[in-house]
Structures are given as C-alpha cells and as structure tokens.
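Predicted, not measured: the structure shown is a model, and the values here were computed from it.
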Amino acid sequence: MSSGKLSDAFKSHPIFLHKQQPDDFSSLQELPESYAWTSQLNEYPSFESLSCSESVPVIDLTDPNVVELVGNACKTWGIFQATNHGVPQKLVDDMESTVRSLFSLPPQQKLKAARLPDGFSGYGFHRISAFCEKLTWSESFTTVGSPLEHFRQLWPQDYTKFCCIAEEYEREMKRLAARLMWLMLGSLGISKEDIKWAGPRGEFEDASAVLQFNSYPACPDPDRTMGLAQHTDSTLISIVHQSSNASGLQVFRQGEEGRGWLMVPPVPGAFVINVGDFIHMLSNGLYQNVLHRAVVNRSQHRVSVAYLYGPSENVQVSPLSKLLGPSCPPLYPPLTWNEYLGTKAKLHNKALESLRLCAPLN
C-alpha cells in the first residue's frame with residue numbers, strides 16, 4: 001500500500017457502514033451497552049499458561065540455531081518473541097512515547113486526523129471492528145508511507161520531531177522484516193533465487209507496509225468487553241511492540257489442559273512476531289497463521305505498535321514450488337496481496353477457507 005488512499009480491494013469493506021470514530025473513553029464511567037460483548041468473549045477460557053512447557057517461544061536472533069528455532073516456532077505456534085533484534089531500545093521507547101502522546105490528545109484534536117470514508121490512513125476504530133456486533137474498547141491510528149500530513153494536523157508545533165521518530169522506526173522495521181523473512185524461508189530450504197519478487201538483492205525493496213498504533217484505555221468493566229476481536233493478520237508477518245505496563249495480547253492455543261486463550265506477556269526488549277495469512281499460503285500451510293485478540297484491564301492504559309508487512313501489492317504469489325510434490329499439492333491458488341485483501345475485506349476470518357483448493361494430504 002503505497003499511499004493513504006484505500007485500494008480498490010477495500011472499497012466494499014463494511015467498515016464504511018460502521019460507526020467511524022471511538023468514544024472519549026476517559027469520560028465513560030460505566031460500560032455502554034454498545035461495547036458489551038455477549039458472544040466470543042467467554043467461548044473459551046483464558047490462561048496465563050496452558051502448562052509448564054506451554055508458553056510462546058522467546059528466540060534470541062543471535063542464537064547459532066536461530067533458523068531452526070524460528071522455523072519450529074512458525075510451524076508449531078505461528079508466533080514468537082524476538083530478542084537481540086538490533087533495533088535500538090531508545091528508538092522503541094521514543095516510538096511508544098509518540099503513540100501515547102497521540103492517544104492522549106483531546107478527542108477533537110485526534111479527529112482532525114480522522115480516517116476519511118474512502119481512506120486508509122488516520123485515526124479511528126481498528127478496521128476489523130466492522131465485522132463485530134459490538135464496538136471494541138480501543139482506538140487506532142494507521143499510517144501508510146510518511147505520516148507528515150496527519151502529524152502536522154495533530155501537533156502543529158511539534159510534528160517534525162514525531163514524524164522523524166516514526167519514519168526512523170519504520171526504516172528499522174523494514175530491515176528487521178526482511179531479516180525475519182529470510183530466517184523463516186531459510187528454515188524451509190528456500191533461497192533468494194526461489195523468490196524473484198524479493199528483488200535482485202533479496203531485500204524485498206518493493207514490499208508493502210502499514211504502521212498501526214493501537215490504544216487500549218483502562219476500562220470500567222473489562223470482563224464484559226473486548227479490546228480487539230479475534231483475527232489472523234493478512235500479512236506475511238507482523239512485528240508488534242507491546243507496552244510493558246500490562247498484558248493484553250492473547251493467542252488461541254490447544255494445549256495439554258484443553259483449548260483456550262493464552263496470554264502473551266511483554267518481554268523486555270522483545271518484539272512479538274506474528275505469522276500472517278500470506279506466509280501461511282506461501283509455505284503451503286506449513287507455517288501457522290496465529291489467531292489472536294486483545295483484552296483490556298481496569299487500571300492500565302496499554303498501547304502497541306504493529307508493523308504489518310506484505311509483498312508488493314500486485315505481485316502474484318503462490319505456494320513455493322520447492323514445497324510441492326505428489327503428496328503435497330498446492331493448497332492455495334496464485335494471487336496478489338491486493339486480491340487477498342479484497343477477499344479478507346469481505347469474508348474476514350473465513351477468507352483462507354474460501355480460497356483453499358484441497359485439504360492437506362499428510
């Protein structure tokens with residue numbers, strides 16, 4: 001996505017028929033009925049851990065066995081936390097401070113950068129809220145490319161400082177995303193010669209990316225609402241920084257004690273790495289796209305910064321030929337990210353199922 005305008009794939013997305021802007025959460029002393037969830041919330045239990053051995057893998061990217069560790073995490077979990085990733089901690093802290101500053105602005109100031117009805121960038125609800133019967137206790141800000149214009153509206157005096165932080169953060173994320181991609185692909189035996197759309201240097205120069213800021217304010221009745229509904233990411237991978245003051249990210253997991261939602265506590269200095277739908281398709285189903293959601297709490301304002309990383313919009317991608325054979329037929333057809341986003345915009349969590357050509361043979 002190369003601009004702040006919405007691609008044609010999203011024109012029919014129900015978000016544009018949905019309530020556009022969050023409430024002023026700081027003024028709400030009780031949970032409005034419009035935010036009170038009845039379905040999905042307690043369908044499965046929540047756990048701090050499923051067993052002593054069941055926790056999201058934490059992987060040191062300088063470990064000599066990092067390729068094997070990353071591949072195993074992608075196959076068995078679809079998520080891991082990456083440490084020693086090379087992104088300066090001061091930059092991460094500055095980015096979190098920028099996000100907190102943004103969401104702490106007065107409501108009318110934030111609305112100056114509101115997402116337009118036919119737009120993609122700006123302030124509003126998270127896009128998947130359109131698929132929910134109830135509103136989610138959260139607010140988001142999306143930026144594609146430079147945030148300069150929106151930041152000038154939000155901070156007329158200080159926008160340059162905040163813009164520089166966001167742009168430097170995005171450059172670091174792009175470098176890290178390419179590194180993570182080759183760790184994931186390398187574990188599958190895939191080389192740069194196998195991925196023509198990675199570019200001549202294999203750095204995915206034309207990759208698409210979105211920077212998403214999420215805010216989960218303290219809630220007067222957290223057990224009856226949701227911060228973000230369950231979903232998988234439409235990306236190749238997502239790189240998520242979550243603030244250290246509170247847990248809120250949960251992943252769906254089947255462990256020794258049954259199925260349920262497992263909390264992913266913040267690890268100091270780590271990024272959460274989500275396997276997205278598109279690398280699930282690229283790996284022909286070997287890598288698990290993780291189902292996740294966000295919950296809220298009564299006392300802490302939690303924020304996160306998500307870097308959503310996909311291929312170039314119009315490059316046709318299909319399951320990698322090296323992974324196919326008589327017992328491993330392609331599970332998905334060739335398609336572009338734009339085409340997939342169009343399907344996801346209509347079918348949400350049923351998008352992959354609608355595209356599947358056959359069930360795995362092994």
Report task. Identify whether the distance between the nearest side-chain nitrogen and carboxylate oxygen of D93 and K90 falls below 4.0 Å. Result -> no
**Report entry** K174 and E205 ion-paired at < 4.0 Å
**Finding:** no
Report task. Find out whether F80 and L180 are in side-chain contact, i.e. whether some heavy atom of one side chain is under 4.5 Å from a heavy atom of the other. Result -> yes
Query raised in the report: Below 4.5 Å, heavy atoms only, C-beta onward: do Q250 and V295 meet side chain to side chain?
Result: yes
Looking at [Y], is its backbone amide N or carbonyl O close enough to the side chain of [X] to form a donor-acceptor pair, meaning the two atoms are under 3.5 Å apart?
{"X": "R115", "Y": "F125", "answer": "yes"}
{"X": "S27", "Y": "D24", "answer": "yes"}
{"X": "S243", "Y": "V303", "answer": "yes"}
{"X": "W155", "Y": "L102", "answer": "no"}
{"X": "W261", "Y": "H292", "answer": "no"}
{"X": "N284", "Y": "P329", "answer": "yes"}
{"X": "Q242", "Y": "V264", "answer": "yes"}
{"X": "D63", "Y": "N65", "answer": "yes"}
{"X": "Q109", "Y": "L154", "answer": "yes"}
{"X": "S283", "Y": "L286", "answer": "yes"}

Query - F252 vs R259, side chain to side chain contact (heavy atoms under 4.5 Å, CB included): CA-CA, chis, key distance, verdict - result: CA-CA 7 Å; F252 190 72; R259 292 187 292 178; 3.9 Å; yes
Quick one: do the [X] and [Y] side chains pair a donor with an acceptor below 3.5 Å?
{"X": "H241", "Y": "E96", "value": "yes"}
{"X": "S140", "Y": "Q212", "value": "yes"}
{"X": "S238", "Y": "T235", "value": "yes"}
{"X": "N314", "Y": "T336", "value": "no"}
{"X": "H301", "Y": "N245", "value": "no"}
{"X": "S191", "Y": "D194", "value": "yes"}

Requested in this report: Test Y340 against V317 for side chain to side chain contact (heavy atoms under 4.5 Å, CB included), laying out the working first.
Outcome: CA-CA 10 Å; Y340 180 65; V317 176; over 6 Å; no
Is there a path from [X] to [Y] through hydrophobic residues (I, L, V, M, F, W, Y) whose side chains come within less than 4.5 Å of each other?
{"X": "I195", "Y": "V67", "result": "yes"}
{"X": "L91", "Y": "M173", "result": "yes"}
{"X": "F278", "Y": "L323", "result": "yes"}
{"X": "W197", "Y": "W337", "result": "yes"}
{"X": "V92", "Y": "F213", "result": "yes"}

Query raised in the report: Should the heavy atoms of other residues, nucleotides or ligands under 6.0 Å from CD of Q89 be counted, would the total exceed 12?
Result: yes
Taking all atoms of both residues into account, what is the closest heavy-atom pair of [X] and [Y], and its distance?
{"X": "G269", "Y": "H85", "value": "O-NE2, 2.7 Å"}
{"X": "N297", "Y": "A246", "value": "ND2-CB, 3.9 Å"}
{"X": "A306", "Y": "V240", "value": "CB-CG2, 4.1 Å"}
{"X": "P265", "Y": "M263", "value": "CD-O, 3.2 Å"}
{"X": "Q153", "Y": "A113", "value": "OE1-CA, 3.8 Å"}
{"X": "P333", "Y": "L357", "value": "N-CD1, 3.7 Å"}

**Report entry** R253 to W77 six-membered ring, cation-pi geometry met (6.0 Å, 45°)
**Finding:** yes
Gap separating the [atom1] atom of [X] from the [atom2] atom of [Y], nearest 0.5 angstrom:
{"X": "T136", "Y": "W37", "atom1": "OG1", "atom2": "CH2", "result": "7.0 Å"}
{"X": "S318", "Y": "L331", "atom1": "OG", "atom2": "CG", "result": "12.0 Å"}
{"X": "Y287", "Y": "M281", "atom1": "OH", "atom2": "CE", "result": "16.0 Å"}
{"X": "N289", "Y": "I237", "atom1": "CG", "atom2": "CD1", "result": "14.0 Å"}

Centres of the [X] and [Y] rings: under 6.0 Å?
{"X": "H348", "Y": "H231", "value": "no"}
{"X": "F25", "Y": "Y35", "value": "yes"}
{"X": "F141", "Y": "H150", "value": "yes"}

Requested in this report: Write out all pairs satisfying side chain to side chain donor-acceptor pair (under 3.5 Å) with one or both partners inside residues 177-187, taking only residues at least two apart or from two chains.
Outcome: none
Query - Set of ring pair (Phe, Tyr, Trp, His ring centres under 6.0 Å) partners for F103, sequence neighbours left out - result: none
Indicate every side-chain donor-acceptor pair of residues 158-172 with a distance under 3.5 Å to a residue at least two apart or in another chain.
{"residue": "E167", "atom": "OE2", "partner": "S146", "partner atom": "OG", "Å": "2.9"}
{"residue": "E172", "atom": "OE2", "partner": "R175", "partner atom": "NH2", "Å": "2.8"}

Query raised in the report: What's the verdict on salt bridge (charged side-chain N to carboxylate O under 4.0 Å, His left out) for E33 and R224, showing C-alpha distance, side-chain angles and the deciding distance?
Result: CA-CA 10 Å; E33 280 304 308; R224 295 179 57 227; 3.4 Å; yes
Report task. Mind running salt bridge (charged side-chain N to carboxylate O under 4.0 Å, His left out) on K350 and E353 for me, showing each step along the way? Result -> CA-CA 5 Å; K350 296 181 179 179; E353 181 184 343; over 6 Å; no
